[in-house]
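Here the structure is laid out as structure tokens; the discussion comes afterwards.
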Amino acid sequence: MKKKQYLVIGLGRFGSAVATTLFKKGMEVLAIDRNPDLVQAVSNLVTQAVVADARDKEVLKALGVQDFECAIVAIGSDLAASVLTVMNLKELEVPYVICKAHDETHRRVLEKLGVDRVIIPEQENAQRLARSLNSHNVLDYIELSDDYGILDLPAPKSWVGKTLKELNVRAKLGVNIIAVENGNQTNVSPSADYRILEGDILVVLGDNYSLEAVQKL
Ligand code: ATP
């Protein structure tokens, strides 16, 4: 199977973490920054790292960015550079463009340009932390959209020893258990006969309202 190809532009803290993590997960990653020191720092941790100014469309074209399925633009503080880079990627018809925004104004500009996904990492992290502190027993929460999320929930005591069929959580609580973790073991998509064990961490998918209800069990 062909490896997924990602382009990461801007190798500050966020961009370099994204680029190196994707590479560790087996993806092909072309990392670009105009700062040679930052390019050098990731050169052994990605497929290819190149010094280039992403404001220059011809340079991006020569690098073959149009062949990538997904580009992540991680230029936060230089609005003009972020906007020009996004416009270049759109004109070169990169199918999926994700862009980091510095603030809400930046987000609005990027949305107008047709960026497929805008992220403000600091804001998302803060919301995630607040949610996990607010809910007494949740280990982690991933927001899928404004309404849906996934959370890691230590199995409620009253569920231990019961099968998923017996608990019937989908019908009763409106959530799906998409995986169960215990120690180093992960059971993805457990069957209805799976019996919950002491120490299980349930990976639960649902709308935020149902997820809140599950946490109160
Ligand atoms: P961090 O992720 O560290 O919070 P940030 O959001 O503050 O970063 P910047 O530091 O402005 O963002 O930019 C991130 C990186 O993008 C920097 O390393 C910078 O050199 C690079 N960068 C900025 N403009 C361009 C450009 N036109 N072409 C390529 N790289 C660029």
Side-chain angles (χ1 to χ4, degrees), residues 3-133 140-146 149-150:
K3 280 188 184 178
K4 275 206 157 186
Q5 291 188 317
Y6 290 89
L7 173 70
V8 179
I9 301 177
L11 299 171
R13 287 163 303 174
F14 181 74
S16 58
V18 171
T20 54
T21 306
L22 286 169
F23 182 68
K24 259 192 230 151
K25 291 194 176 295
M27 317 295 176
E28 277 188 24
V29 178
L30 170 60
I32 295 174
D33 200 292
R34 63 181 172 192
N35 178 339
D37 293 338
L38 296 176
V39 171
Q40 175 63 31
V42 302
S43 60
N44 292 326
L45 306 170
V46 296
T47 316
Q48 202 190 350
V50 176
V51 180
D53 188 334
R55 291 174 300 183
D56 188 333
K57 186 171 149 192
E58 291 311 312
V59 167
L60 292 182
K61 199 169 170 186
L63 287 169
V65 306
Q66 56 282 3
D67 299 331
F68 284 74
E69 293 152 59
C70 176
I72 297 133
V73 180
I75 304 172
S77 36
D78 186 341
L79 178 68
S82 160
V83 165
L84 282 169
T85 302
V86 164
M87 283 170 62
N88 288 338
L89 296 171
K90 284 278 160 197
E91 282 170 21
L92 291 167
E93 297 178 354
V94 175
Y96 198 79
V97 178
I98 301 171
C99 190
K100 171 181 162 156
H102 189 59
D103 54 27
E104 284 301 324
T105 310
H106 191 176
R107 177 202 289 278
R108 280 169 50 210
V109 173
L110 295 172
E111 282 173 353
K112 281 264 181 295
L113 291 174
V115 166
D116 299 282
R117 182 165 171 209
V118 180
I119 38 171
I120 305 181
E122 295 83 356
Q123 199 182 69
E124 288 186 14
N125 284 342
Q127 284 166 352
R128 200 160 155 177
L129 176 67
R131 269 185 207 274
S132 68
L133 293 176
D140 198 5
Y141 175 88
I142 300 168
E143 191 167 275
L144 295 177
S145 70
D146 284 350
I150 296 177

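Every number for a ligand or one of its atoms is a count from 1 in the order of the listing. These numbers come from a predicted model, not from an experiment.
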Kindly compute the distance separating [atom1] ([X]) from [atom2] ([Y]), expressed to the nearest 0.5 Å.
{"X": "R107", "Y": "I120", "atom1": "CZ", "atom2": "CD1", "answer": "4.0 Å"}
{"X": "E122", "Y": "H102", "atom1": "CD", "atom2": "NE2", "answer": "8.0 Å"}
{"X": "D37", "Y": "L11", "atom1": "CG", "atom2": "CG", "answer": "11.5 Å"}
{"X": "M27", "Y": "Y6", "atom1": "CE", "atom2": "OH", "answer": "5.0 Å"}
{"X": "E58", "Y": "N88", "atom1": "CD", "atom2": "CG", "answer": "9.0 Å"}

Tell me the protein heavy atom at minimum distance from [atom], and give that distance in Å.
{"atom": "atom 14 (C) of ligand 1", "answer": "A74 O, 3.4 Å"}
{"atom": "atom 16 (O) of ligand 1", "answer": "G10 CA, 3.3 Å"}
{"atom": "atom 2 (O) of ligand 1", "answer": "F14 N, 2.9 Å"}
{"atom": "atom 30 (N) of ligand 1", "answer": "R34 N, 3.3 Å"}
{"atom": "atom 4 (O) of ligand 1", "answer": "R13 NH2, 2.8 Å"}
{"atom": "atom 8 (O) of ligand 1", "answer": "K100 NZ, 3.9 Å"}

Ignoring hydrogens, just give me the one of A101, S77, G76 whose non-hydrogen atom is nearest atom 7 (O) of ligand 1.
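Nearest heavy atom to atom 7 (O) of ligand 1 lies in S77.
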
Look at atom 15 (C) of ligand 1 and find which of V8, I75, D33 reaches it with the closest heavy atom.
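Shortest heavy-atom distance from atom 15 (C) of ligand 1: D33.
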
Below a 4.0 angstrom heavy-atom separation, can you tell me which part of L84, side chain or backbone, both or neither, approaches ligand 1?
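Under 4.0 Å from ligand 1, L84 contributes no heavy atoms.
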
4.0 Å heavy-atom contact, A52 with ligand 1
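Heavy atoms of A52 do come under 4.0 Å of ligand 1.
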
Between ligand 1 and [X], is the shortest N or O to N or O distance under 3.5 Å?
{"X": "D53", "result": "yes"}
{"X": "A54", "result": "yes"}
{"X": "E122", "result": "no"}

Contacting atoms of ligand 1, where contact means under 4.0 angstrom from a heavy atom of A81:
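Taking each heavy atom of A81 in turn, ligand 1 has 24 (N), 27 (N) under 4.0 Å.
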
What are the atoms of ligand 1, with element, lying closer than 4.0 Å to any heavy atom of L38?
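So the answer, numbered in order with elements, is 18 (O).
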
In terms of side-chain geometry, is the basic nitrogen of E111 or R108 positioned less than 4.0 Å from the acidic oxygen of its partner?
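No, E111 and R108 are not salt-bridged.
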
Side-chain donor-acceptor contact under 3.5 Å, Q66 with E93:
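On atom types as modelled, these side chains do not qualify, holding no pair under 3.5 Å.
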
So which pairs with a foot in residues 42-54 pass side-chain hydrogen bond (donor to acceptor under 3.5 Å, both in side chains), sequence neighbours left out?
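Residue pairs with at least one partner in residues 42-54: D53-R55.
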
How close do V42 and S16 get, counting heavy atoms only, and between which atoms?
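Nearest pair, atom of V42 first, then S16: CG1-CB, 3.9 Å.
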
Kindly check if the number of other-residue, nucleotide or ligand heavy atoms within 6.0 Å of CD (Q40) is above 12?
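Atom CD in Q40 is not packed in, count stays at 12 or less.
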
